Amino acid sequence: MSRSLKQVAVLLVALLCLDPHSRVSSAPICTHGPSGCHVPSLADLFDRVIQHSARMHSVSNDLHSEFEQYFLPSKNHIGKIYRKCHTSNILTPNGKENAQKLAREELTEVILKLLMAWRDPLFQLHQSMADQQDFNSFSSNKALEMGDMAHELRKGVEKVAEKMRVLGMLGNSVTGLSAAEAMLPLSESGEAMSDYELLYCFRRDSNKVQNYLKILKCRIVPEHDC
Amino acid sequence: MRNSGAVLILSFIAKLISQAAGVSAPGKPRLTSCRSPEKETFTCWWEPGDDGGLPTTYGLYYHLENSETIYECPDYRTAGDNSCFFNKNDTSLWVNYNITVVATNALGRDISDPVEVDVAYIVQPNTPENVTAVVVDEDQGPFVRVSWEKPRTADTRSGWITLQYQLRVKQKKDKEWEEYDAGMQKYYNVFSLHPDKEFMVQVRCKPDHGFWSEWTQTTYVKMPDYIPRERSLWIMITIFSVFIVLILTWTLNVKRNSVKLCLLPPVPGPKIKGFDKQLLKSGKSEEVFNSLVIQGFPPTIDYDDLLVEYLEVYDNEEQELVLDSKDLSEDCMKSKSPSDCDSGRGSCDSRTLLLEKCMVGREGSRSDQHQYSQHGETSWASTESSECQGLEPGSPEFSDGRVKTWPVVFSSPQPHHHYQVEAVKPVYHSVPEILNHSSPHAMPANYQNLQHQDIPQQEGRFGKPACRHSQSYTHGLDTPAPGVSPSRSLEYVEVQRINPENMLLLRPLSDQNREPEGSDYAGEDYSKVKEVTSNNILLLQRDTSYLCADGYSQAGQCTTQQPPHPCKPVIYQSHSGMPQEGMRVMGNGYVDTTVLMPSY
């Protein structure tokens, strides 16, 4: 009797496991507004995103200075060839007025573009740093962390954009980024950028992202921090 | 060839000349710093090199990254000397500026090293503004609230710059500043400042990626005088003292034995000679206490001494009352006057219980104050009333001469006063207390020249007229009136009965109201005990000759006879059974009464 029971139990478990439809997945409980649980407001979302971008920027800053300290003794060494960052194609406002002139949607788009553009190069950077034995594991981990952060930040900004769209703040002119726009960081000469150049470029871009996000936030939800 | 050579020579000569003149090409200038106060404009400063003694001009040139176009500084003036100010139009963020400074004079020019600048990373804001420090008074104590405003140029409103603030506080005399981070808020509460002191406050700010601004001008604030309630300190003190108390208690507990020894030293054991503690422990108390027994204790009394000494009162012919107190006392005290006190002629009547007369009569009369001493310790039976008291011869009221035989009836010593010899005669007196109830007043009244009244007791009157005594006092017991007739010398008193209050009621023998029992009393005299029969009967011996010779005014029955009337007061007829073994016949025929006490 017990043996048959065991078999039945095993069968049931197998069915449950195998059945794809019975797989448990997380679903938001409170999808219908604030009555059920606490839904973060747009301001909260913005705050989270901004914090995240700040953290990302500080990591990139650390990496860059570390790189500069150990591998490039003089900052203004002669013969340094600055290649254009691969993201220089993306038009980004380089001043306050320029940034304020941009519409929300455009600004949001710029942010997303930037973040999107860095997805693969960061992965590449981590790879090359891990391969090189000059970097200690701590640095390569930072690179990896940086990549993850960029990824999460992008996701977050997408969520913010979604929220804004839902709230009617954003028009529908924001176009979704297609995979085609993800560019590979190739310089004009076709050579891959070095790690240092990548770091340098990423540091700048993360600063841009952070700044743009702040402007966006203070424009959309001007509260205590602005 | 020649031209180049000529040029060289000429330049060389020019140099020599210029060096001799002290002028030269300018030295290399150096860019010191470039700063942007609000991330919208920036300024660069350079340091001129040696100018070579000639007026030198400086020019700043820059080009953007990835561009070869060189631009010159748009504004040399706004920021002061040796500076270049880039306005908003000329400022691009997130773009590297490659800047150089060129120094030019008549003799030459020099170029500084290039500097790469990204404006986004050279932000150093202006100092915060309007720093105010206010003392706020609250329950926990006053504190200082420092508030300020952002630098005017920084645009935090649009989110272009985010600033975080820092303030520092110190007293004037302090060396070190105390720094506090205020974050992005524009106020801060400073607690725990010392009362009644003046403090200096400064504030500065920094963008999220940039340089700290300069400190503001010092703002002074004075703390009011208050008493800080350092609760935490008291709590610490309390805990510490409790801890110490606990430690002390524990230490005492651990060392309680030695403490006990110190405070309560042990009582030393007994050190009695011959006393063995071990024997005590073993439980044989007999042996232990045997050692304590002293031979010869208690001292046995020579019973001879305990015989009653009778003091005889003699009525002299003149019936004078003179008493020599001294003699009296002597005799009485000693109670040994051979013939008088121990003669057996004492007033011991067979019937009478009373014994003592301490009365010595003498012919000469002297008035002396005398005080009786009373002996309370006389035992019942013992006629230690042989310890007579001295009379007070001179006191007219003397009549109270006290004699005591019975301790029971004995009273406190009474002062005796002088008495006049004529008036008062010494009398055998019975126990004073007995007579308490009788008329004390009779005394003084009876006698002439009596002075004092406080004769508490009367005397029994006794005496036999026939007896010749030197002095005799007579009192009337039953007659308050001067029942004391001076003629009467001696009168015996017999005890009538003992009332419940331990008082002996006396009655004079010559009283007609006497009970018939005492009828044959008067005629009896003292008798010696011959022997004691088996059934507790005393056989008395009569020595009539002896007795009569003393002149006792007795009936003169000098006949032998049988029994008895107990001679001694204590010796009762065998109504009360006398212990046979208790009787002892002394040598002189008297019965030792001490032994005859019925053992209770």
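Given the structure is predicted, the values throughout are model-derived calculations rather than measurements. Just the heavy atoms: all of them, side chains too, but no hydrogens, waters or symmetry mates, feed the values below.
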Using side chain to side chain donor-acceptor pair (under 3.5 Å), reason through Tyr200(A) and Asn96(B) one step at a time and then give a plain yes or no. CA-CA 11 Å; Tyr200(A) 178 82; Asn96(B) 272 356; 2.3 Å; yes
Could you check whether atom [atom1] of [X] has more than 12 heavy atoms from other residues, nucleotides or ligands sitting under 6.0 Å from it?
{"X": "Arg109(B)", "atom1": "CZ", "result": "no"}
{"X": "Tyr71(B)", "atom1": "OH", "result": "no"}
{"X": "Leu64(B)", "atom1": "CG", "result": "yes"}
{"X": "Glu214(B)", "atom1": "CD", "result": "no"}
{"X": "Glu97(A)", "atom1": "CD", "result": "yes"}
{"X": "Phe12(B)", "atom1": "CZ", "result": "no"}
{"X": "Lys222(B)", "atom1": "NZ", "result": "yes"}
{"X": "Phe123(A)", "atom1": "CZ", "result": "no"}

Between chain B and each of Lys208(A), Gln100(A), Arg219(A), count heavy-atom pairs under 4.5 Å; write down the option with the most. Lys208(A)
Measure across Ala99(A) and Trp160(B) and return the closest heavy-atom pair with its distance rounded to 0.1 Å. CB-CZ3, 4.3 Å
Residue Arg204(A) versus chain B: region with a heavy atom under 4.5 Å: both
Checking Pro222(A) against chain B: side chain, backbone, both or neither under 4.5 Å from a heavy atom? neither
Got a second to check how far [X]'s [atom1] is from [Y]'s [atom2], nearest 0.5 Å?
{"X": "Ser88(A)", "Y": "Glu65(B)", "atom1": "OG", "atom2": "CD", "value": "9.0 Å"}
{"X": "Asn207(A)", "Y": "Trp94(B)", "atom1": "CG", "atom2": "CH2", "value": "6.0 Å"}
{"X": "Ser158(B)", "Y": "Lys217(A)", "atom1": "OG", "atom2": "NZ", "value": "12.5 Å"}
{"X": "His209(B)", "Y": "His57(A)", "atom1": "NE2", "atom2": "NE2", "value": "3.5 Å"}

Contact part of Asn98(B) toward chain A, heavy-atom cut-off under 4.5 Å: side chain, backbone, both or neither? neither
Before giving the answer on side-chain contact (heavy atoms from CB on, under 4.5 Å), spell out for Glu38(B) and Lys96(A) the whole-Å C-alpha distance, their side-chain angles and the decisive distance to 0.1 Å. CA-CA 10 Å; Glu38(B) 73 286 83; Lys96(A) 188 175 97 176; over 6 Å; no
For residues Asn61(A) and Tyr121(B), is any side-chain donor paired with an opposing acceptor at under 3.5 Å? no
Determine, stepwise, if the pair Asp208(B) / Lys214(A) fulfils salt bridge (charged side-chain N to carboxylate O under 4.0 Å, His left out). CA-CA 12 Å; Asp208(B) 39 8; Lys214(A) 280 182 186 172; 2.4 Å; yes
Contact residues of residues 146-156 of chain B (partner chain A; heavy-atom separation under 4.5 angstrom): Asp155(B), Thr156(B)
